[in-house]
2 protein chains.
Amino acid sequence: MALEHAILVSLLEKPGSGYELARRFDRSIGYFWTATHQQIYRVLKRMENDGWVEARDVPQQGRPDKKEYSVADLGRAALSSWLHDPIEPESVRHDLAVKIRGAAFDDPAALIREVQRHRQAHRDRLSHYLAGEERDFTGPEATAAAAEAPPDAERELQHVVLRGGIAYERMMIDWLDDVLATLARFGPGR
Amino acid sequence: MALEHAILVSLLEKPGSGYELARRFDRSIGYFWTATHQQIYRVLKRMENDGWVEARDVPQQGRPDKKEYSVADLGRAALSSWLHDPIEPESVRHDLAVKIRGAAFDDPAALIREVQRHRQAHRDRLSHYLAGEERDFTGPEATAAAAEAPPDAERELQHVVLRGGIAYERMMIDWLDDVLATLARFGPGR
DNA sequence: GGCGTCATGTAACACGTTACATGATTAG
DNA sequence: CTAATCATGTAACGTGTTACATGACGCC
């Protein structure tokens with residue numbers, strides 16, 4: 001399991017509350033690992049019991065108080081041991097691929113709109129990633145700041161993961177174009 | 001949920017037993033949807049109760065008898081309604097991406113072997129897909145057979161899904177090369 | 001007054017994974 | 001005789017999803 005580990009990585013990058021983690025799982029780290037706040041609170045509680053993380057009460061004004069979690073030594077050790085443990089190259093799950101094969105037994109043309117919607121979602125995500133890359137890694141401000149600092153593993157590794165997301169979205173867009181062209185050849189009445 | 005629907009598609013392509021389905025989920029349809037036999041038997045039983053599939057006892061010689069399932073009208077209707085229902089473009093889950101970001105807080109070079117293992121697994125899967133494509137779609141035998149038959153949606157849609165798998169594996173291999181180059185810059189002692 | 005955001009949680013259920021269990025046949 | 005393949009299942013557990021619940025603050 002890796003939700004624990006994803007949380008550890010996120011808290012090492014920056015401590016935060018369960019709520020903040022939930023929001024990160026809708027953004028940066030959430031691009032390749034999703035979790036809802038219910039899951040996060042449950043796991044966070046377990047991790048606190050196991051001594052992987054430590055909570056600190058942070059009173060806030062104008063907002064509810066929060067519990068800020070940070071990684072404890074045991075958590076760091078758990079992450080390290082997981083990193084050294086080989087994992088199975090995971091298999092993908094594509095609902096859409098099931099639908100595409102299923103369309104052969106229904107009306108292929110009826111899927112076109114659905115595929116277009118997915119294509120649009122991937123286009124949006126790609127734009128979002130590219131904007132983030134520009135802002136944090138390749139834009140003038142980011143490169144100027146980086147030029148003065150020493151090589152930074154955290155930053156470089158975040159960037160290579162983001163490049164993976166970008167490559168994935170580009171591949172999906174191209175493939176969905178291929179799917180659309182194929183579906184068009186099997187419209188109603190053929 | 002889509003395991004039900006993946007099973008329906010697979011049974012429409014060809015009726016079969018739970019055991020046979022489990023094997024298909026290790027191969028063709030399993031490239032984009034995985035399931036173990038325990039899951040399959042459980043779901044198949046529910047689907048039978050719901051009247052989505054029908055079982056027929058097939059006595060065999062030299063092997064245990066099997067129950068051959070095929071799709072009933074209710075199942076076809078359920079599939080059709082699912083096909084017309086929009087689904088959310090799913091988000092990916094990449095353990096490996098979590099590990100790569102986590103490596104910043106450990107020893108980046110220690111991940112190199114792991115990434116190489118994953119790269120090899122993707123290379124193997126790519127070869128496997130390409131062999132299947134040659135055999136079923138682009139090879140001389142397959143194209144000769146197809147030339148005599150009318151345009152076949154089932155076949156074409158299976159092919160476009162396979163092309164998606166091929167594109168995915170190629171993208172992953174390229175990205176993992178990028179990851180390896182990045183990790184190499186942060187070896188121990190840097 | 002109502003809606004959105006910040007903040008944390010419980011409960012029930014669905015789905016997925018791992019381990020265990022059985023038993024026949026065929027190939028080495 | 002041993003291992004692999006065919007064939008079907010149960011039980012326990014862990015993870016993920018959906019619905020429900022609460023309450024304060026700020027903005028329109």
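Naming convention: chains lettered A, B, ... in sequence-line order (proteins, then strands); numbering from 1 in each chain. Only this structure's heavy atoms are used, side chains among them; waters, hydrogens and symmetry mates stay out.
- B:Trp33 has its CH2 atom 10 Å from the C1' atom of C:dC15, to the nearest Å.
- Where A:Lys66 and B:Pro64 each meet DNA chain C at their nearest nucleotide, the meeting point lying more 5' is that of A:Lys66.
- For A:Arg93 against C:dG16, no side-chain N or O and base N or O form a donor-acceptor pair under 3.5 Å.
- Going from atom NE2 of B:His37 over to atom C1' of C:dA21 covers 10 Å, rounded to whole Å.
- Atoms CD (B:Gln60) and P (C:dT26) sit 12 Å apart, rounded to a whole Å.
- In this structure, A:Glu68 places its CD atom 14 Å from C1' of C:dA7, rounding to the nearest Å.
- In this structure, A:Arg56 atom CZ and C:dT8 atom P are separated by 13 Å, rounded to whole Å.
- Distance, B:Arg23 CZ to D:dT8 P: 11 Å, rounded to whole Å.
- For B:Tyr41, a side-chain nitrogen or oxygen approaches OP1 or OP2 of D:dT8 to under 4.0 Å.
- Of the side-chain N and O atoms in B:Arg46, one or more sit less than 4.0 angstrom from OP1 or OP2 of C:dC15.
- Contact annotation: the side chain of A:Leu79 never approaches that of A:Val71 to less than 4.5 Å [non-hydrogen atoms, C-beta and beyond].
- Where A:Gln38 and A:Glu4 meet DNA chain D, the nucleotide closest to each residue was compared, and A:Glu4 sits on the side nearer the 5' end.
- B:Val179 has its side chain out of reach of B:Leu111: every pair of non-hydrogen atoms, C-beta onward, lies at least 4.5 Å apart.
- Between B:Phe25 and B:Ile40, the closest heavy-atom pair is CD1-CD1, 3.8 Å.
- One can place CG of A:Leu21 at 13 Å from C1' of C:dA7, the figure rounded to the nearest angstrom.
- The side chain of B:Lys45 places no N or O atom within less than 4.0 Å of a non-bridging phosphate oxygen (OP1 or OP2) of D:dT8.
- In this structure, the CD1 atom of A:Ile40 is 16 Å from the C1' atom of D:dT18, given to the nearest Å.
- Judged purely by distance below 3.5 Å, without hydrogens or angles, the side chains of A:Ser70 and A:Arg56 never pair a donor atom with an acceptor atom.
- The two residues B:Ile100 and A:Leu157 come nearest to each other via the heavy atoms O-CD1, 3.4 Å.
- Of the side-chain N and O atoms in A:Ser17, none sit less than 4.0 angstrom from OP1 or OP2 of C:dC6.
- For the pair B:Tyr19 and D:dT8, the criterion of a side-chain N or O lying under 4.0 Å from OP1 or OP2 is not met.
- Mapping B:Arg63 and A:Tyr69 onto DNA chain C by nearest heavy atom places A:Tyr69 at the nucleotide closer to the 5' end.
- Here A:Thr34 lies out of heavy-atom contact (under 4.0 Å) with every strand.
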